[in-house]
Visitor: 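After the structure tokens below, expect a handful of questions from me.
A note on names: the letters A, B, ... follow the listed sequences, proteins ahead of strands, and every chain is numbered from 1.
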Number of protein chains: 2
Amino acid sequence: MATIKDIAKAAGVSVTTVSRALNGYSDVNEKTRTKIKEIAEQLQYSPNALARSLVMNKTNTVGLLVSELNRSGVKDNFTFEVMCGINDSLGDLGYDLILFNTNTAKQKKKSYAQLSRERQVEGVIIQGMKKDDPYLKEVIDSNIPSVLIDIEMKGTNVGYVTTDNEFGAQMAMKHLINYGHRNIAMINGSDQALISRKRLKGYKKVLKDAEITFNENYVVDGAFSEQKSEEVALQLLEEHPEITAIFCASDLMAMGVLKAAKKKGFHIPEDLSVVGFDDITLAAYVDPPLTTIAQDKYQIGYEAAKLLIDMLQGKDQRRMKMLDNHLIIRETTAPLQR
Amino acid sequence: MATIKDIAKAAGVSVTTVSRALNGYSDVNEKTRTKIKEIAEQLQYSPNALARSLVMNKTNTVGLLVSELNRSGVKDNFTFEVMCGINDSLGDLGYDLILFNTNTAKQKKKSYAQLSRERQVEGVIIQGMKKDDPYLKEVIDSNIPSVLIDIEMKGTNVGYVTTDNEFGAQMAMKHLINYGHRNIAMINGSDQALISRKRLKGYKKVLKDAEITFNENYVVDGAFSEQKSEEVALQLLEEHPEITAIFCASDLMAMGVLKAAKKKGFHIPEDLSVVGFDDITLAAYVDPPLTTIAQDKYQIGYEAAKLLIDMLQGKDQRRMKMLDNHLIIRETTAPLQR
DNA sequence: TTGTATGCGTTATCAG
DNA sequence: CTGATAACGCATACAA
């Protein structure tokens, strides 16, 4: 636990000199510097980031706020991959990442600004927050630089990163239309999520372009849940036997549809084509492997961190970043059988 | 950015009094306290954890060091689930978690002790480290309280959390033996991992108990890799057609075996029984669903954090924790066909 | 080129 | 019950 003081004493100089020598200032005798460096090494000195941050008013630390980072939601590795991207990006940029441990109970006790200020983070990346989360308003109102993932909201100090959900949905739908499908249903996530609205928009757009009348009964809410989707899909297929394809706003929901189809004795993809969204790891492993719109989750995280740091440095004025998705054709889609 | 000073000024008292009032000391007039609290609220005050840590010499922060927290290794959610457990546990205990962003290049520049001291963490949890990682020695040598996950090493300030790998392997093997199998192969992970040795030990133990001679040609190295396992399994099944069951030291490797079996036209589980280890999310989704030894990954993380904090508080003398595993029978194992 | 003094925001000691 | 003062480890303006 050697401090700058110990080095100063050992080297017979003042702490000032040590500080400057170690931080590469030019106005220090090279002999002195080498001597100090040697001693520092000997003593296994490493600067106390706390003290430094305190005096410099700069922590080089970013907070990560993940709603409900717990047992649930482990099934899709979305969160984790984003996190890896964030971590790598911050590493490249010389920042550290601190995980905000919070939950609804704690949120009531401490405001967003308090949480952030307490830990003296320079900015925060926020993931998995619902649109109706009370914290969201605080985020916007606070002047803490923040980057939201998949929530398109901007403020003076707030930016976001997302993928092109609308175009992604269009790719999925075009794929189905090209395969001759016309009675295409959609299992969407909750309305609360912006991505749901975007994906619905893409769905409608393609229908319109293909001159297919939009049927609102064809769009049901799967709440981003596998089980819920299984239920609604079962009902949907029951009520509308003419449906030959389903576009799902997430892979997890698509997996629910697959289960529903199996229960009804449907053979996939011959009797029903299914397209998912996300390309979670499971997508390639379910039976049959899922055709889906792949999001580059790692990249989302990487760009989010980059955007945040750019914002901190006043380098980014747009405060948003939209990434491309792409279609992965596996085995849950097939040309329409006549 | 209100500080304790601002409050003191606004309340017309000294900073000392503010500090004590806010920290719940008894020796402060209740009237003064309420007044101070009001002002604090008004000013949206929250204490600067940095300053506090500096003077108290206590950061309430724990570091998490994950080897290669990047794109690779995302396939199994092991790391992530452990992390969730750590996060929750630390939240319960009032600690924060900071992610150490490190890689081999950075490790060369900065020692473990330096890394830890720099960030002033009170302790570190280490996950996914190989036994031959040069950092490991540093961990042991440093006096930084550390908890290793799945590396059974103890030191004055070093403890570990693991699951009962030997017994887990025994359960897997007993299951196969009970099904009548006698020619049971094993695909193990790399020798570098302690868990591999433990699992091998369990494998041998059960063979011995069942009075089956151990055949060293039946044990091959799958390097914890799906692809490598597919290769070695293919060769194994080629050379030893008498084998009717394979115990794999990880689910990922078991998935490789499943692929190999498919290539050979084997029907699972009729022609070959397969047992995995870990119970990663994919295990339930591969075709057919994998019989495996489940580890409670979340719990591993939870206990690791708990152990670390206990160690910090001098509460734990044993410095180790072993968790139970359990067998999950799915559809890759069946009674031996005669 | 080097040293002295000051301050970052907080808590602890001790005197009043 | 309250306040002045020192201290934590470091960086920096200013003086020498």
Side-chain angles (χ1 to χ4, degrees), chain A residues 1-37 39-40 43-61 94 96 113-122, chain B residues 1-37 39-40 43-61 94 96 113-122:
Chain A
M1 301 285 184
T3 75
I4 206 171
K5 243 186 214 165
D6 301 320
I7 301 184
K9 200 175 290 174
V13 296
S14 75
V15 292
T16 312
T17 308
V18 176
S19 174
R20 278 186 302 218
L22 259 28
N23 288 318
Y25 280 60
S26 59
D27 60 350
V28 47
N29 190 304
E30 274 311 317
K31 263 188 188 168
T32 323
R33 189 197 301 278
T34 38
K35 186 176 170 190
I36 290 176
K37 278 199 167 174
I39 296 178
L43 266 48
Q44 296 217 54
Y45 170 78
S46 53
N48 183 328
L50 251 52
R52 178 180 274 166
S53 296
L54 189 59
V55 59
M56 307 237 291
N57 200 25
K58 176 140 181 39
T59 56
N60 271 277
T61 301
D96 271 324
Q114 277 179 324
L115 190 71
S116 308
R117 202 138 54 211
E118 198 164 294
R119 277 306 176 169
Q120 299 290 121
V121 293
E122 296 185 26
Chain B
M1 300 284 182
T3 76
I4 206 171
K5 247 186 210 164
D6 302 320
I7 301 183
K9 201 174 291 174
V13 295
S14 74
V15 292
T16 313
T17 307
V18 175
S19 174
R20 278 185 304 215
L22 261 26
N23 289 317
Y25 280 60
S26 58
D27 60 351
V28 46
N29 189 302
E30 274 313 315
K31 264 190 188 167
T32 322
R33 190 197 302 278
T34 38
K35 186 176 170 190
I36 289 175
K37 277 197 169 174
I39 296 178
L43 266 49
Q44 295 219 55
Y45 170 78
S46 53
N48 183 328
L50 253 53
R52 180 182 273 166
S53 296
L54 188 60
V55 59
M56 306 236 290
N57 200 25
K58 176 139 180 38
T59 56
N60 270 277
T61 301
D96 271 323
Q114 277 179 323
L115 190 71
S116 310
R117 201 138 53 210
E118 197 164 293
R119 277 305 178 168
Q120 298 291 120
V121 294
E122 296 186 26

Visitor: Looking at B:Arg52, I'd like to know whether one of its side-chain N or O atoms comes within less than 4.0 Å of OP1 or OP2 on C:dG9.
Guide: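 No, B:Arg52 has no side-chain N/O under 4.0 Å of OP1/OP2 on C:dG9.
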Visitor: Identify which nucleotide among C:dT11, C:dG3, D:dT2 has an atom closest to any side-chain atom of B:Arg20, counting heavy atoms from C-beta outward.
Guide: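 Of all the options, the side chain of B:Arg20 is nearest to D:dT2.
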Visitor: Nearest whole Å is fine: how far is D:dG9 C1' from B:Arg119 CZ?
Guide: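 Nearest whole value for this atom pair: 15 Å.
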Visitor: Counting distance only, does the side-chain N/O of B:Thr59 pair as donor-acceptor with the main-chain N or O of B:Gln120 below 3.5 Å?
Guide: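 Side chain of B:Thr59 to backbone of B:Gln120, a donor-acceptor pair under 3.5 Å: yes, one is there.
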Visitor: Distance-only criterion, 3.5 Å: show the donor-acceptor pairs between side-chain atoms of residues 5-13 of chain A and protein atoms not counting sequence neighbours.
Guide:
unit_1: A:Asp6; atom_1: OD2; unit_2: A:Thr3; atom_2: N; d: 2.8

Visitor: B:Ser19 and B:Thr16: side-chain donor and acceptor closer than 3.5 Å?
Guide: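 Per modelled atom types, B:Ser19 and B:Thr16 side chains form no pair under 3.5 Å.
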Visitor: Would you indicate which nucleotide in C:dG3, D:dT2, D:dT12 comes nearest to any side-chain atom of A:Val13?
Guide: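 Within the option list, the nearest is C:dG3.
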Visitor: At under 4.0 Å between heavy atoms, what does A:Asn23 touch on the DNA or RNA strands: base, sugar-phosphate, or nothing?
Guide: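 Here A:Asn23 touches the backbone only, sparing every base.
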Visitor: How many angstroms lie between OG1 in A:Thr17 and CG in A:Leu22, if you round to the nearest 0.5 Å?
Guide: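 Between A:Thr17 OG1 and A:Leu22 CG, I get 11.0 Å after rounding to 0.5 Å.
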Visitor: B:Ile7 CD1 to C:dT11 P: how many Å, rounded?
Guide: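 Going from B:Ile7 (CD1) to C:dT11 (P), I get 10 Å.
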Visitor: If the cut-off is 4.0 Å, is A:Tyr25 near the phosphate of C:dT1, judged by side-chain N/O to OP1 or OP2?
Guide: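 Negative; the distance criterion is not met.
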Visitor: Looking only at atom types and distance, does a side-chain atom of A:Asn23 sit under 3.5 Å from a main-chain N or O of A:Tyr25, one as donor and one as acceptor?
Guide: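 Answer holds: no.
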Visitor: If you restrict it to nitrogen or oxygen atoms, what contacts under 3.5 Å exist between nucleotides 5-8 of chain D and the protein, and what is each distance?
Guide:
unit_1: D:dC8; atom_1: O2; unit_2: B:Val55; atom_2: N; d: 3.3

Visitor: Rounding to a whole Å, what distance do you find between A:Lys58:NZ and D:dT12:C1'?
Guide: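 After rounding, the reported distance stands at 18 Å.
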Visitor: Do B:Glu118 and A:Asn48 come close enough that some side-chain heavy atom pair is under 4.5 Å?
Guide: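 Of all side-chain heavy-atom pairs linking A:Asn48 with B:Glu118, none is under 4.5 Å.
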Visitor: If you compare every side-chain N and O of B:Asn48 against the phosphate oxygens of C:dC8 (OP1, OP2), does one of them come in below 4.0 Å?
Guide: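 False: B:Asn48 side-chain N/O out of range (4.0 Å or more) of C:dC8 OP1/OP2.
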Visitor: What's the CG-P distance between B:Asn60 and C:dT10, to the nearest Å?
Guide: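 Going from CG in B:Asn60 over to P in C:dT10 covers 16 Å.
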Visitor: Take the C1' atoms of the five end pairs on each side of the helix from C:dT1-D:dA16 to C:dG16-D:dC1, get both axes, and report the angle to 10 degrees.
Guide: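 Inter-axis angle at the termini of the helix from C:dT1-D:dA16 to C:dG16-D:dC1: 50°.
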Visitor: Assign A:Ser53 to base, sugar-phosphate, or nothing according to its heavy-atom contacts below 4.0 angstrom with the strands shown.
Guide: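 Nothing: the residue A:Ser53, judged by heavy atoms under 4.0 Å, touches no strand.
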Visitor: First locate atom CZ of A:Arg33, then atom NZ of A:Lys37, and finally report the distance between them rounded to the nearest 0.5 Å.
Guide: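 The CZ atom of A:Arg33 sits 6.0 Å away from the NZ atom of A:Lys37.
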Visitor: Expressed as a whole number of angstroms, how long is the span from A:Asn57:CG to D:dT12:C1'?
Guide: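 My rounded result for the distance is 14 Å.
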Visitor: A:Thr61 and B:Arg119: side-chain donor and acceptor closer than 3.5 Å?
Guide: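 Looking only at side-chain atoms, B:Arg119 and A:Thr61 do form a donor-acceptor pair, the distance falling under 3.5 Å.
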Visitor: Take the protein atom CD1 of A:Ile4 and the nucleotide atom P of C:dC8, then report the distance between them rounded to whole Å.
Guide: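 About 19 Å, once rounded to whole Å.
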Visitor: Determine the contact category for B:Asn29: base if any of its heavy atoms lies under 4.0 Å from a base atom, sugar-phosphate if only primed atoms, P, OP1 or OP2 are that close, otherwise nothing.
Guide: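 Touches sugar-phosphate only.
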Visitor: Taking only side-chain nitrogens and oxygens of A:Ser14, does any of them come within less than 4.0 Å of OP1 or OP2 of C:dT2?
Guide: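 False: A:Ser14 side-chain N/O out of range (4.0 Å or more) of C:dT2 OP1/OP2.
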Visitor: If the cut-off is 4.0 Å, is A:Ser19 near the phosphate of D:dA11, judged by side-chain N/O to OP1 or OP2?
Guide: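 Result: yes.
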Visitor: After noting the C-alpha distance and the side-chain angles of B:Tyr45 and B:Ile4, does the key distance pass the side-chain contact (heavy atoms from CB on, under 4.5 Å) rule?
Guide: CA-CA 8 Å; B:Tyr45 170 78; B:Ile4 206 171; 4.2 Å; yes
Visitor: Working to the nearest 0.5 Å, report the span between OG1 of B:Thr32 and CD of B:Glu30.
Guide: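 So the gap between those two atoms works out to 8.5 Å.
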Visitor: Measure from CD1 on B:Ile36 to C1' on D:dG3 and round the result to the nearest Å.
Guide: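 Those two atoms, CD1 and C1', are 12 Å apart.
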Visitor: Quick one: A:Leu50 CG to D:dA11 P, roughly how many Å, whole number?
Guide: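 One finds 13 Å between P of D:dA11 and CG of A:Leu50, rounded.
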Visitor: B:Thr32 side chain N/O closer than 4.0 Å to the phosphate oxygens (OP1, OP2) of D:dT2?
Guide: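 Answer is yes, contact under 4.0 Å.
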